[in-house]
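Here is the structure we will look at, set down as structure tokens.
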Amino acid sequence: MRPEQQGVEVTVLVSVGRHPVTGRARRADQDARGLELALGLERQLAGSRVSLLHAGARGEESEAALRGYLGMAAGAGMGLASLTLLEQAEGSDAIPALAEYLAGAPPQLVVTGSRAERNEGSGLLPYALAERLGWPLVNGLAAVEMIENGVATLLQALPRGQRRRLKVRLPAIVSVDGAAPAARQSAFGPARRAELEATSVDAEPDYELAEWQLAPARKRPKRLKIVKAASARDRFKAAAAKAEGRGGQLLTDVTPQQGAEAIVKLLKAEGVLR
Amino acid sequence: MLETLLPILIFAALALAAIGAWRRIRLWRQGRPAEVDLLRGLAAMPRRYLVDLHHVVGRDKVMSNTHVTTAGGFVAAAVLMILVHGLGLANPVLGGLLLAASATMFVGSLFVAKRRRNPPARLSRGAWMRLPKSLMAFSLSVFLITLPTVGVLPQDAGSWVLALILSAVLVWGLGEMVFGMTWGGPMKHAFAGALHLAFHRRPERFSSMSGGKSRGEAGSTGLKALHLGDPGAKLGVETPSDFTWNQLLGFDACVQCGRCEAVCPAFAAGQPLNPKKLIQDMVVGLAGGSDAAYSGSPHPSQGLGGKSVGEPSLVRYGTPHGTIVAPDPMSGGTALVDAETLWSCTTCRACVEECPMMIEHVDAIVDMRRFLTLEHGNTPNKGAEVLDNLIATDNPGGFDPGSRLHWAADLNLPLMADVKQAEVLLWLGDGAFDMRNQRTLRALVKVLRAAEVDFAVLGNEERDSGDVARRLGDEATFQSLARRNIATLAKYRFQRIVTCDPHSFHVLGNEYGELGGPDFNANYEVRHHSTYIAELYDMGRLAFKPWKGGTVTYHDPCYLGRYNGEYEAPRRVLEALGIQVSEMARSGFRSRCCGGGGGAPITDIPGKQRIPDMRMNDVEESGAELVAVGCPQCTAMLEGVVDGPAEVRDIAELVADALVARPAGGATTATHRPLAEEVI
């Protein structure tokens with residue numbers, strides 16, 4: 001950590017979550033992890049500022065859930081006493097409103113969860129935002145290692161605990177999932193005192209969502225795991241073994257044309273394309 | 001010469017004491033305002049001292065007699081001394097009385113000195129070691145200067161040298177006894193203690209003239225609600241000045257006798273909590289300064305987090321407006337008290353029960369926890385997860401609230417939602433999700449059916465009572481759960497609530513009342529299942545076959561015994577079963593906690609041993625093969641002891657096992673409902 005490092009402006013996109021058992025509104029797990037990551041930046045970079053942004057309808061339940069994020073600011077001292085609420089009617093598309101707001105006052109880093117816990121939960125929002133703003137996107141973020149001269153060194157989480165170090169020019173969007181540090185406890189007092197700064201924005205109805213049919217998810221049948229191992233050593237090996245990909249093909253140093261042909265070939269072989 | 005010197009000395013000491021008192025009162029008044037009936041409190045003070053305080057002090061007969069002799073002698077001698085030597089009423093009768101009083105005090109001080117020769121570890125040393133000498137100095141000098149007054153010695157006996165020496169000794173005595181009383185010496189306990197009794201935050205704790213306490217045998221034990229109405233207000237206690245002024249006064253009354261330390265389960269387990277030291281830390285906080293002068297046992301330390309084992313080398317500083325607990329352990333810096341100290345408490349109330357000064361340790365600890373949880377979001381270990389579960393699923397385990405009755409799928413329990421009214425509302429508690437406690441619940445249902453009790457359950461409408469949330473400091477979640485439970489209970493008609501969970505019992509019975517409103521009366525008649533079973537047995541609605549097992553001991557749950565004064569009913573039930581209880585050394589109001597209360601298993605502060613292990617050792621020492629319990633927490637904690645020496649069974653299970661058909665001629669036989677026959 002060098003003194004010439006300057007603080008960064010971070011905006012965390014937060015959504016109203018849904019508890020998996022009872023369905024009650026809560027702070028969404030991944031978004032809360034995103035905020036935890038952002039709050040952790042203060043330790044690294046003095047003078048960083050974190051702001052919270054949400055686009056959606058204002059209701060009693062959603063307000064309580066959003067205040068859950070504000071309750072994480074206890075003792076953080078980052079001016080996290082408010083949340084910007086882009087107020088929209090229920091069923092509006094959040095992406096244009098968010099993109100417009102972010103383009104108007106661009107932060108250096110936008111942090112968001114990978115997937116919402118309500119509505120479509122398609123996980124496409126970070127991508128759509130990145131496309132509209134023309135910013136780079138990094139998904140599955142595990143840590144921000146360094147921010148220097150407008151370039152962030154990030155650690156991306158890959159399956160099986162692997163990590164990949166990336167350098168990204170700011171401004172950028174990063175999304176976090178379960179690999180990011182777990183969110184701290186939300187405190188009732190600061191959450192209650194914080195302000196929701198609501199601004200009404202043009203609501204663009206989400207035509208796609210209107211066509212969707214939402215139904216409670218059914219539990220998918222799970223294949224029973226048949227333990228064939230006879231000894232502890234076998235069980236350990238089975239648990240620690242890498243997934244064996246069959247018939248895979250590693251292409252390096254190929255032209256985009258060759259790469260695309262290989263993908264089309266695979267999709268045809270799998271019966272996705274006919 | 002003495003005739004002129006004595007009034008000057010006496011009134012100078014009194015004047016200085018008055019200034020000291022004024023300063024001390026100003027220190028207390030730094031606290032938040034509290035509603036106290038000052039005049040009524042002062043009027044009730046002598047009775048509270050003579051009856052309630054001595055009820056506690058009298059448990060140690062020698063110390064009690066010592067205190068009566070010394071303190072009684074001192075008060076009488078001080079008053080008479082002012083009359084005789086201060087105001088010059090040198091009448092032989094008063095003089096004679098003064099001689100008697102100071103002689104009595106001297107005898108008392110000999111006993112104090114004897115106790116200080118080889119004091120037990122729980123007593124503080126330091127300034128307290130000079131107290132017997134100061135007592136002797138005062139009583140002896142007063143005795144000697146009074147001898148001429150009654151004419152035993154001539155007025156000008158001895159030389160002026162003797163008079164001067166005598167005066168010097170008297171100055172020492174007056175300094176300790178009068179000046180020191182308000183300026184912070186050991187005798188401060190008399191001044192602060194008297195006012196603490198008068199302005200106690202729980203006036204309902206004390207007995208009244210008409211006999212009996214206003215709230216049950218155990219007096220007032222429920223935590224006081226935190227007012228959540230004002231969004232701008234700071235929640236809980238951050239600095240010593242955030243306590244109410246009468247709480248600060250209470251801390252100042254501590255005599256450092258260490259009875260709390262001797263009974264504290266967390267202290268015995270080597271967890272970083274010594275209730276006596278905690279109260280002294282608060283005194284350091286309210287008066288400002290450091291704990292360097294403290295000379296009792298420290299908070300135990302296991303050498304974690306860079307601290308030394310046992311004796312802490314660290315001197316801690318406090319100010320009335322400084323934070324008590326350092327806000328962020330990561331960024332270093334220690335404040336007056338470590339957070340682990342506050343989270344070690346099991347809220348078993350053993351300290352409060354033993355405290356001769358009637359200090360409310362548990363209230364203070366929960367007040368400070370409230371700040372840590374509600375303002376800092378710093379509940380350690382599994383605390384945050386449990387609180388999140390309580391908010392999202394209304395139970396601490398995060399189970400589906402719709403699965404609360406799964407254990408009773410085959411029992412066909414009547415639901416309040418269907419029957420609307422019943423004589424008994426059976427409150428299940430969160431033990432409904434725990435497979436061990438489900439056995440207890442099934443046993444209890446079997447007993448209730450055998451006695452043909454008209455009962456019903458709330459089923460999935462029931463929520464956690466809020467006990468754990470409240471004791472973890474999350475008053476907001478507690479009040480949310482409590483208000484929703486109260487609204488649910490208001491929908492139905494029942495005569496009483498019966499529960500096998502003493503924690504629910506305590507919260508429903510003692511803590512919900514404050515949250516009721518004009519629409520909802522939240523004062524319920526709640527019974528622990530042991531009390532109710534004892535009643536059913538007395539009514540002849542239950543019959544038991546004789547006990548064939550081995551020796552049995554009984555473990556008093558804190559929330560049943562100390563919190564609610566119920567020591568008899570469980571023992572009556574065991575007696576009815578034909579069991580002769582072989583009592584543990586610590587039973588009844590001195591029962592040792594199982595370690596399961598106050599969220600202690602959730603915050604899980606490490607010590608050198610576990611509290612339930614110590615309790616199981618107590619069981620082993622009693623020679624019992626089976627320990628009867630009456631609380632799901634105690635069951636879980638005691639059964640969790642590895643290689644436990646005794647079987648752990650709930651009273652309901654013992655009763656269910658012993659049930660036999662009632663002899664004919666009892667109450668009317670069951671007609672409408674088949675008796676559930678099952679093997680538990």
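What you are looking at is a predicted structure, and each value in this text was computed from that prediction instead of being measured. Numbers restart at 1 for each chain; the letters A, B, ... are given by sequence-line order, proteins then strands.
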Other residues, nucleotides and ligands only: do more than 12 of their heavy atoms fall within 6.0 Å of CD on E195(A)? no

Enter the distance from F188(A):CZ to L226(B):CG here, rounded to the nearest 0.5 Å. 9.0 Å

Under the criterion salt bridge (Lys or Arg N to Asp or Glu O under 4.0 Å), which of R24(A), R184(A), R27(A), R26(A) is the partner of D388(B)? R27(A)

Which one, G232(B), P231(B), A384(B), leads in non-hydrogen pairs under 4.5 Å with chain A? P231(B)

Show the nearest heavy-atom pair for residues Q185(A) and N378(B), with the distance to one decimal. OE1-N, 3.5 Å

Taking every non-hydrogen atom, the tightest pair across A187(A) and G377(B): CB-N, 3.4 Å

Determine whether more than 12 heavy atoms belonging to other residues, nucleotides or ligands lie under 6.0 Å from atom NZ of K224(B). yes

Measuring from atom OG of S186(A) to atom CD1 of I391(B), what distance do you get when rounded to the nearest 0.5 angstrom? 7.5 Å

N-O pairing of E375(B) and R193(A) below 4.0 Å: yes

Please list, one pair per line, the donor and acceptor atoms closer than 3.5 Å that link side chains of residues 13-21 of chain A to other protein atoms, with sequence neighbours excluded.
from, atom 1, to, atom 2, distance (Å)
S15(A), OG, D31(A), OD2, 2.5
H19(A), ND1, V21(A), N, 3.1
H19(A), ND1, T22(A), N, 3.4

In terms of heavy-atom proximity below 4.5 Å to chain A, should L374(B) be classed as side chain, backbone, both, or neither? both

Which atoms of F371(B) are under 4.5 Å from chain A, going by heavy atoms: the side chain, the backbone, both sets, or neither? neither

Atom pair CZ/CG of R192(A) and D230(B) - distance to nearest 0.5 Å: 7.0 Å

Does any heavy atom of chain A fall under 4.5 Å from the side chain of T477(B), the backbone, both, or neither of them? neither

